[in-house]
Each structure stands twice: as structure tokens, then as C-alpha cells.
Peer 1: 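Take this structure, written in C-alpha cells, and hold onto it; I'll ask about it next.
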Amino acid sequence: MFALADCNNFYASCERVFQPQLENKPIVVLSNNDGCVVARSQEVKDLGIKMGVPLFQIKEQVKLHHIRVFSSNYTLYGDISNRVMSTINQYAPNYEVYSIDEIFIDLKGFEKHYNLIDYCKEIRYVVKRNTRIPISIGIAPTKTLAKVANKLVKKKFKADGVCYLKTQEDVKELLKDFDVGDIWGVGRQYEKLLKKHGIDTALKLMNANDSWIKKNLSVVGLRLVNELRGMPCIELDEVPADKKNICVSRSFGHMIADVKILEESLSTHANTASEKLRKQGSNASSISVFLQTNRFRSDLPQYFNTKQIELPFATNDSANIIKAALKGLYLMFRSGYLYKKCGIYLNELTPANEVQLNLFVEEDSEKKKKLNKAVDILNTKWGRGALKYAVQGTEKKWKLKNECLSKSFTTKLAEVPRINLNL
DNA sequence: TCTGGGGTCCTAGGACCC
DNA sequence: TCTGGGGTCCTAGGACCC
């Protein structure tokens, strides 16, 4: 038996934690660069504002309904997420943190000692009490059904906050009018295909023909169908696997023509990517970098390019990776364009303790490894970017737009809320 | 004016081997 | 006219997730 706990309107709820005056007020949270809506409070969902719309397209509604607008504050959301997760895992030793606002927990055997609905209601109550974040919980025999149950809480059983698909009859009854496109693993393309063939509900998908599913939706689809039938095919992933690729990219706050500023931006992304690589204890054997103009500006000349650079040996040294990234940049760069975005991928990741020796090139020295370690420790202590490479520059002319950023209430001493007491 | 970022898995098809 | 059979590895592209 699994449960999926999911934070309601997570980013919007985080903004309310230290600003209770926002309770019951419409809130949207924007993507990086204050571009698109990536999170909405219930009030905004009720207004019919869709996920992912660009802010400029809803300017009128924002004004009309006094919608509070926030830039995304991942420092805050990440910290609140950790608090929610650690509260929940006190109730379930086996769990998988699936995303910033979702956690699967293993409830196998719990039904012998507890009423599962009451147990999950208590989790909800304590999470709300400890963190002020409202959550919903779906309980079912497979992860896919737990996802369905979780969605049903929001659609049908909001007041309960918990939905338990206990028997096969419950499942059939509730899947009967559950839209096939709302199932975990059915995206836009599969939804279109399934509906074209008359499979428009979860129940119909559950009863679909196996070989047709395998042929059209591959083994992934077949697994999904079996999960709907109550046959667990997707296990709890308790230890997150090492990343196989690491990507760091950002749009610029303004369009950029100057290669000097591109150097600063790309080397900063290369440095961040190297930090991530060291954090998971891996090396990269090759990187690729990309550079692109603003694809929405059809009035401007467009350019996109990407370059793959083989590293002489597997490394996680920032200096090596920055050097390779810049080499790629010089190969790609063409003057006369206004650029909007660049980024780096680290590929062919291998464990850092298994470096293949190269007969002709000397691999990273102990000295370099110590240097990176020291830099990482200092940046952890004093904040990202406390120590950086000169090529990263100091002006950050390329930096993101985030004009509506709330404070880092829980992670920056200077921004911790103050309370005046008149005793 | 203005349009996000970071991942995974699977399959088909080509290149190559004997 | 007519041209085998079986396998691996790699990559690009397409699907999905948050």
C-alpha cells in the first residue's frame, strides 16, 4: 500500500507562511525571469488562469482581481519543502521524495495497526501545524493509483483531504469518470491518441487490450495499465539515483550581444554545474554548450547552436569545465545577434573515484581537488558565489529578472521575520 | 516591452561485427 | 529473376514527469 502526499498549491502556500495576510487572496508565482505563471493559489485557479501562461497576457486580470504576483523564491520553497518532508517521514520510515512538493510513502503493513484514513489525517494535521502548509493524501495499492487518489482529493473530497482506494470496487467506481489525460504517465500526445480510439476514461484504459497498448504506448504504457489494475510495477525509489546528465541554463534578463557578457554567464553556469557534479561525487567526460536568440522575436534574426566538447579526461574541476565551455562558446558565437539564453550540459558522468588514466594527459592533481573542496566549503558557509572565477565577472549584466521576490525568511539571518513585543 | 528549467526512459534505425 | 542470419552498440527523437 502506498500513499502520495502532495502540498496544495505549494509555491503559493509557501508565500503565505510568513505573510498570513495573503490567506484567501489570489496569488501567482512566476517562472525565472518573471516570465510565466508556474504556480497559482486556488483563487487564481478558480478565475480560470491557466498554468504556464506568460504574465503579460494576464495583465488585465491581475489588475482587476488584485492578484499578488511573486517571482520564484526557490531558497524559500526548498527550505519549506525539507521541513514538510521531514515531518512526514516521522510517520513512515520508507519514503521517496518525488518532487519538491510530493512524497510517496510506503504503508505496507500499517493497515494491521492503524486505520489508514485516520493515520493520514493525522499526518495532514501535523504538517499543517508544524509548517503551515496544507497537503492532500491519496492512498492505494500502487503508485499510479495513489496519484489518482490524490487527484480525487482535490476534485471530489477536498473537505476530507484524504482519499483511499481500498477495494477493487472503489477503484472501478471512481475510475469510471476519471479523465484519461489526468493519469500519471499520460501526457498530451498519449491523451490525444487514446481519445481518438475511444479510450477517454481511466476505467476504459484499465480494460484496454494489452497488445494494442504495448504497440502504441510501449512497455511504459503497459506498466501504467497494470498499475491501474492494482498490480504494482513501479517500486518506491528510496535512494535517489545519481544524475546521468546535469544541465544548467538560464534566460537572460535582457537580450545580449556582447561576447564578454556571454562569457560571464556561461562560465557561471559551468561553475554551478561543476559544483553539482562534485556534490554527487561524479566526473564528466564530455560537455555540450548551447546559445540561442529569442525565439519569440520573429522580427529579429534567429540563431541557435550547440557544441559538444570532449574533455581530455573525466573531471569535476571547475576550471577545466569552464575552459571547455568557453572553447565551445567561441566556436558557436556569431556577432550581430541578440542572444536570450545559454547553458551547459555535463554528459557521460562516471563516479569520481574511477578515473580512467590517460597515457598522454595528466589528470587532475591532488592540489586541484583540494582547491575545489575548499571553494565548495567556503561557498556553503558564505553563500553561493562568495568565491568564484574571475571570468564569471562581478556585474551580472545577464542576470535574471526577479522583481517581485519575497524574502528568504528561513535561510538568511538578515531576513528572518522580526516581531515587536510590547510587554 | 514581456514567453522557465531540469530531468528520465524507450524505440527505431544505422553502423558495425561474425 | 535470384543475394543469410544473428547479434551489439550508439544516437536522435519522442514521449513523459515535476
Side-chain angles (χ1 to χ4, degrees), chain A residues 4-7 9-11 28-39 50-60 62 69-74 77-78 81 96-104 143-144 147 150-151 180-194 213-224 227 233-234 237 240-255 265 269 272-273 276-277 280 286 288 290 292-300 302 306 308 338 340-349 399-404:
Chain A
L4 173 69
D6 156 306
C7 303
N9 315 317
F10 183 55
Y11 297 170
V28 294
V29 179
L30 304 176
S31 59
N32 275 329
N33 251 331
D34 293 348
C36 298
V37 171
V38 294
K50 294 267 183 280
M51 178 72 171
V53 290
L55 176 64
F56 72 91
Q57 287 177 6
I58 55 162
K59 271 269 148 71
E60 293 295 311
V62 168
V69 177
F70 290 94
S71 304
S72 28
N73 184 347
Y74 289 108
Y77 311 153
S81 170
E96 170 189 350
V97 174
Y98 178 65
S99 75
I100 194 165
D101 68 338
E102 288 169 273
I103 179 171
F104 282 105
K143 284 170 92 176
T144 305
K147 273 279 208 180
N150 184 280
K151 210 149 224 179
V180 77
D182 285 340
I183 299 170
W184 188 42
V186 178
R188 262 208 289 273
Q189 301 303 319
Y190 286 169
E191 179 183 359
K192 210 159 56 178
L193 179 80
L194 289 168
I213 293 293
K214 169 124 197 265
K215 186 162 161 255
N216 290 281
L217 278 71
S218 86
V219 295
V220 183
L222 195 54
R223 202 152 55 203
L224 187 163
E227 283 250 320
C233 306
I234 309 174
D237 225 340
D242 282 349
K243 301 268 180 271
K244 296 173 179 171
N245 297 288
I246 289 174
C247 170
V248 177
S249 75
R250 290 289 181 283
S251 302
F252 311 129
H254 304 279
M255 289 193 280
S265 160
H269 299 335
T272 309
K276 288 188 183 184
L277 191 59
Q280 83 161 30
S286 81
S288 40
F290 67 89
Q292 68 190 59
T293 50
N294 188 343
R295 65 201 167 95
F296 295 102
R297 291 293 298 272
S298 47
D299 54 322
L300 295 174
Q302 295 290 315
T306 168
Q308 186 174 346
L338 289 171
K340 184 62 181 172
K341 184 174 177 179
C342 71
I344 179 169
Y345 286 88
L346 307 183
N347 305 316
E348 298 171 65
L349 307 192
K399 73 164 190 287
L400 296 172
K401 198 164 89 182
N402 51 7
E403 289 168 350
C404 320

Peer 1: Which whole-number value in Å describes the distance from A:H269 NE2 to B:dG4 P?
Peer 2: 14 Å
Peer 1: Just N and O in the side chain of A:R297: are any of them under 4.0 Å from OP1 or OP2 of B:dT1?
Peer 2: no
Peer 1: Rounded to the nearest Å, what distance is computed from the CG atom of residue A:L346 to the P atom of nucleotide B:dG5?
Peer 2: 17 Å
Peer 1: Which part of the nucleic acid, if any, lies within reach of A:N32 when heavy atoms closer than 4.0 Å are counted: base, sugar-phosphate only, or nothing?
Peer 2: sugar-phosphate
Peer 1: How many whole angstroms separate atom NE2 of A:H254 from atom C1' of B:dT3?
Peer 2: 16 Å
Peer 1: So do A:C342 and A:Q292 actually touch side chain to side chain, heavy atoms under 4.5 Å?
Peer 2: no
Peer 1: Given that A:K214 and A:C247 both sit by DNA chain B, which one's nearest nucleotide is further toward the 5' end?
Peer 2: A:C247
Peer 1: Using a heavy-atom cut-off of 4.0 Å across all strands, would you classify A:K244 as base, sugar-phosphate, or nothing?
Peer 2: sugar-phosphate
Peer 1: Do nucleotides 8-18 of chain C as a string where each nucleotide becomes B, S or -: B if the base has a protein heavy atom under 4.0 Å, S if just the sugar-phosphate does, - if no protein is that close.
Peer 2: -------SSSS
Peer 1: With heavy-atom distances below 4.5 Å as the criterion, would you say the side chains of A:K341 and A:F290 are in contact?
Peer 2: yes
Peer 1: Can you give the dot-bracket line for DNA chain B, using ( ) for pairs inside the strand, [ ] for pairs that cross earlier ones, | for pairs with another strand and . for unpaired bases, where Watson-Crick and G-U count if both distances are under 3.5 Å?
Peer 2: ....||||||||||||||
Peer 1: Under 4.0 Å: is that the gap between some side-chain N or O of A:S72 and OP1 or OP2 of B:dG4?
Peer 2: no
Peer 1: Indicate the ring-plane relationship of A:F104 and A:Y98, choosing parallel, tilted or perpendicular according to the 30° and 60° boundaries.
Peer 2: perpendicular
Peer 1: When all nucleic acid strands are considered with a 4.0 Å heavy-atom cut-off, which category describes A:K401: base, sugar-phosphate, or nothing?
Peer 2: nothing
Peer 1: Please figure out whether A:K276 or A:M255 has its closest DNA chain B nucleotide nearer the 5' end.
Peer 2: A:M255
Peer 1: If the plane angle is over 60° it's perpendicular, under 30° parallel, otherwise tilted; pick one for A:Y77 and A:Y11.
Peer 2: parallel
Peer 1: Taking the side chain from A:S81 and the backbone from A:D101, do they hold a donor-acceptor pair closer than 3.5 Å?
Peer 2: no
Peer 1: Donor-acceptor check, side chain of A:N150 to backbone of A:L4, threshold 3.5 angstrom: yes or no?
Peer 2: yes
Peer 1: Between A:W184 and A:K143, is there a side-chain heavy-atom distance shorter than 4.5 Å?
Peer 2: yes
Peer 1: When the distance from CG of A:L30 to P of B:dG5 is rounded to whole Å, what number comes out?
Peer 2: 13 Å
Peer 1: Could you state the CG-P distance from A:N402 to B:dG5, rounded to the nearest angstrom?
Peer 2: 12 Å
Peer 1: For the pair made of CG in A:N33 and P in B:dT1, what is the distance, rounded to whole Å?
Peer 2: 17 Å
Peer 1: Check step by step if salt bridge (charged side-chain N to carboxylate O under 4.0 Å, His left out) holds for A:E348 and A:K244.
Peer 2: CA-CA 7 Å; A:E348 298 171 65; A:K244 296 173 179 171; over 6 Å; no
Peer 1: Reckon A:K340 touches a base, only the sugar-phosphate, or nothing at all at heavy-atom distances under 4.0 Å?
Peer 2: sugar-phosphate
Peer 1: Nearest-Å distance, CG (A:L277) to P (B:dG7)?
Peer 2: 11 Å
Peer 1: Has A:N294 got a side-chain N or O lying under 4.0 Å from the OP1 or OP2 atom of B:dT3?
Peer 2: yes
Peer 1: What distance separates A:L55 CG from A:C36 SG, expressed to the nearest 0.5 Å?
Peer 2: 9.0 Å
Peer 1: Any luck finding a side-chain donor-acceptor pair between A:E227 and A:T144 under 3.5 Å?
Peer 2: yes
Peer 1: Measure from OH on A:Y74 to P on B:dG7 and round the result to the nearest Å.
Peer 2: 13 Å
